[in-house]
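Residue numbers start from 1 in every chain, and the chains themselves are labelled A, B, ... in the order their sequence lines are given, proteins ahead of strands.
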Amino acid sequence: AQSVTQLGSHVSVSEGALVLLRCNYSSSVPPYLFWYVQYPNQGLQLLLKYTSAATLVKGINDFEAEFKKSETSFHLTKPSAHMSDAAEYFCAVRQAAGNKLTFGGGTRVLVKP
Amino acid sequence: GAGVSQSPSNKVTEKGKDVELRCDPISGHTALYWYRQSLGQGLEFLIYFQGNSAPDKSGLPSDRFSAERTGGSVSTLTIQRTQQEDSAVYLCASSLGQNQPQHFGDGTRLSIL
């Protein structure tokens, strides 16, 4: 069974600093990979997705993620954190022939002024 | 345009009662998914509907859980004889098709007393 591991359940960054959220997946074949963001009392909003095209994927709000097959990783970055980036972020994987998403445990981001 | 709509947004009920949670997917989306988000288990897949195909029920935790999707649109998730461990946020998502990104509703927060 595939799994997703997000390193660090909580991350604290200063406003303007780099945001780096780590995601590793276990899969026998390259899957589809996603990053979602969840604001308090809301559902999940898609930030970006990897679907075997370019390995560097750009998403909304200046987020991007790089797929590295050799490391089975799909880390999320943003060059400069904004206060509005405070939220919980989820990495998810779906097999090419599958339908359901398998989520990591989530990383809650705190942005300090 | 309208997103995925879930109702009620909050539900409090007594242990042993039955509950019904409703999901209105985005118009034209043929795929519909239910997930559960709880403190102990994170985000878990429950069930998936795609068009007129038989649903994938592999994520339902027990036979107290069931779901239906009438007319290929609205879906209802039913939990019978609720238990305290059923307390969670139930999220619905829809997508244009099996391999398309999933769009989430804001969820129903279920509390079992």
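Only the side chain of A:F90 comes within less than 4.5 Å of a heavy atom of chain B; its backbone N, CA, C and O stay farther away. Using a 4.5 Å cut-off between heavy atoms, A:L46 touches chain B through its side chain atoms alone. Heavy atoms closer than 4.5 Å to chain A are found in the side chain of B:L91, but not in its backbone. Heavy-atom distances place the side chain of A:Q38, and not its backbone, under 4.5 Å from chain B.
Open room surrounds CG on B:L39; 12 or fewer heavy atoms of other groups in view lie less than 6.0 Å from it.
Ranked by heavy-atom pairs shorter than 4.5 Å toward chain A, the options B:S9, B:A93, B:G59, B:P101 are led by B:P101. Top candidate by heavy-atom pairs under 4.5 Å with chain A, chosen from B:Q37, B:Q6, B:Q41, is B:Q37.
The nearest pair of heavy atoms linking B:D106 to A:Q42 is OD1-CA, 3.8 Å. In terms of heavy atoms, A:A87 sits closest to A:V37 at CB-CG2, 3.5 Å.
Under a 3.5 Å cut-off, the side chain of B:T82 and the backbone N or O of B:K17 do form a donor-acceptor pair. Although no hydrogens or angles enter the test, the distance criterion places a donor-acceptor pair under 3.5 Å between the side chain of B:S87 and the main chain of B:I112.
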